[in-house]
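In the text below, chain A, chain B and the rest are named by the order of the sequence lines, each starting its count at 1.
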Amino acid sequence: MVLEAVPWSRAVKLVETGQAHGLIGTYYRPESRPWIGTYSTSPVTEKVSVYCREGVAQSDWAYPADFAGLTFGNNAGFGTPGKAFFDMVEAGTITLQEAQTTEQNLKKLEKGRIDCYVQEQLAAEMVINGKGLKGVVRVLDASAETAHIGFRADWQDEESQKFIADFNAALQSMMDDGTVAEIVSRTVGG
Amino acid sequence: MLKRVVYAAALACATAATVVTAAPIKLVQDEAYAPYMGLENGQPTGIWADFIDEALSRVEGE
C-alpha cells in the first residue's frame with residue numbers, strides 16, 4: 001500500500017480522477033463527492049470548539065448568537081466558525097481579527113487581544129498544551145463531524161472489498177482497545 | 001526468431017498484466033492539516049498516518 005501526502009485539493013482530485021483509491025480524512029459528503037462509494041469506519045470525530053479567555057463566556061450560551069459584542073480571532077480565509085458567525089460579522093455584531101495561524105490566534109487570546117477563537121478541537125489543544133498557554137478555556141463545541149477514509153466508488157472488485165473489510169475491522173479493534181485514544185493523546189499532548 | 005517475438009510479446013503482456021494486478025492500493029491525505037495530517041521529510045505524518053500504520057500491521061498480522 002502507498003500513502004501519499006499532498007495539498008488537500010490535489011488529494012481530492014487524485015481520488016476523483018481514479019489515480020488513488022482512497023481519500024483520508026474526508027467528512028461524509030455523498031452529495032458533493034459522489035465518486036466516493038464507501039466510507040471507512042470513523043476512528044475520530046472532529047469537533048469545532050469555541051475557545052475564550054477565562055470568564056468571558058458561559059458554556060450554556062448559544063453559538064454564535066450569545067457571543068454578540070465580542071472580538072473573535074480566526075485563521076485568515078478559513079470558514080471554520082460557520083455561516084451564522086460570518087453573518088454576525090457582516091452585521092457588525094461580532095468583531096473579527098484574522099491571523100495566519102492557530103498559534104498566533106491562541107497567543108492573541110492568551111494576551112487578551114481577542115475574546116474568543118473558533119477552531120477544530122485537537123488543532124487548538126495541540127498548541128495550548130504544547131505552548132503551555134494559560135487562561136484559555138474551551139467554552140463549548142459548536143459542531144462535530146466524523147472523519148473517514150473515502151474509497152472510490154468504482155473500486156469495487158474482490159480485492160477492494162476484502163481490503164476495506166479487513167481495514168475496518170482493524171480500526172474497530174484499535175478503537176476498542178484504546179489504541180486510537182492513545183495515538184491521539186500522544187500526538188496532541190496534555 | 002518468430003518464436004522469440006511471440007514469447008517476448010506474451011511476456012510483455014504477462015508483465016503488463018502483473019503490473020496492473022499488483023498495483024498497490026494508494027491512499028492520499030492532506031499535507032497540512034495538523035494534527036490529523038501532515039508531511040515531514042517527504043513522509044506522511046499525523047494522527048491518520050499513525051492510524052493507518054497500526055491498522056495495516058494488524059491486517060498483515062492476521
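Contacts between A:R186 and chain B at a heavy-atom distance below 4.5 Å involve the side chain alone, from C-beta outward. Of the atoms belonging to A:S173, heavy atoms from both backbone and side chain fall under 4.5 Å from chain B. Residue B:A34 touches chain A through both its backbone and its side chain, counting heavy-atom pairs closer than 4.5 Å. Looking at B:Y36, the atoms closer than 4.5 Å to chain A (heavy atoms on both sides) all sit in the side chain, from C-beta outward. Contact annotation for A:L14: only side-chain heavy atoms (C-beta onward) come within less than 4.5 Å of a heavy atom of chain B.
In the hydrophobic clustering of this structure, A:M126 does not group with A:L133; members are Ile, Leu, Val, Met, Phe, Trp, Tyr whose side-chain heavy atoms approach within less than 4.5 Å, directly or through other members. Residue A:I94 is not grouped with residue A:Y117 when hydrophobic side chains (ILVMFWY) are merged at heavy-atom distances under 4.5 angstrom, including chains of intermediate members. Taking hydrophobic clusters as Ile, Leu, Val, Met, Phe, Trp and Tyr residues chained together by side-chain heavy-atom distances below 4.5 Å, B:F51 shares a cluster with A:F151. Cluster membership for B:I47 and B:L39, using ILVMFWY side-chain heavy atoms within less than 4.5 angstrom, is not shared. B:L27 and A:V6 fall within a single hydrophobic cluster, where Ile, Leu, Val, Met, Phe, Trp and Tyr side chains are chained together by heavy-atom contacts under 4.5 Å.
Considering only heavy atoms from C-beta on, B:Q29 stays 4.5 Å or farther from A:W8 through its side chain. A:F163 is not listed as a side-chain neighbour of B:V59, based on a closest heavy-atom distance of 4.5 Å or more. At a threshold of 4.5 Å between non-hydrogen side-chain atoms, the residues B:R58 and A:T179 count as touching.
Atom NZ of A:K108 has more than 12 neighbouring heavy atoms from other residues, nucleotides or ligands inside a 6.0 Å radius. Residue B:E40 places its CD atom among 12 or fewer non-hydrogen atoms of other residues, nucleotides or ligands, all under 6.0 Å distant.
Most heavy-atom pairs under 4.5 Å with chain B: of the set A:S160, A:S9, A:A170, this distinction falls to A:A170. Heavy-atom pairs under 4.5 Å with chain B peak, among A:V184, A:I149, A:V15, at A:I149.
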After noting the C-alpha distance and the side-chain angles of B:I52 and A:I24, does the key distance pass the side-chain contact (heavy atoms from CB on, under 4.5 Å) rule?
CA-CA 10 Å; B:I52 290 167; A:I24 298 165; 3.4 Å; yes
Take A:V12 and B:V28 through the test side-chain contact (heavy atoms from CB on, under 4.5 Å) and record every step on the way to the result. CA-CA 8 Å; A:V12 170; B:V28 288; over 6 Å; no
Kindly determine whether A:M1 and B:K26 satisfy side-chain contact (heavy atoms from CB on, under 4.5 Å), including the steps that lead there. CA-CA 6 Å; A:M1 205 204 73; B:K26 183 174 174 180; over 6 Å; no
Practice task
Apply side-chain contact (heavy atoms from CB on, under 4.5 Å) to B:W48 and A:L3, showing your working.
Solution key: CA-CA 10 Å; B:W48 271 105; A:L3 177 58; over 6 Å; no
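In terms of heavy-atom proximity, B:A55 sits nearest to A:L171 at CB-CD2, 4.4 Å. A pairwise comparison of heavy atoms in B:G38 and A:A5 identifies O-CB, 3.5 Å as the closest pair.
Comment: B:D30 does not engage A:R10 in a salt bridge, judged by the lack of any side-chain N to carboxylate O separation of less than 4.0 angstrom.
The structure places CD1 of A:I183 at 5.5 Å from CG of B:D50, a figure rounded to the nearest 0.5 Å. Note: B:I25 CD1 to A:W155 CH2 = 4.0 Å, rounded to the nearest 0.5 Å.
Side-chain contact annotation: B:Y33 with A:E120, donor-acceptor N/O pair under 3.5 Å absent.
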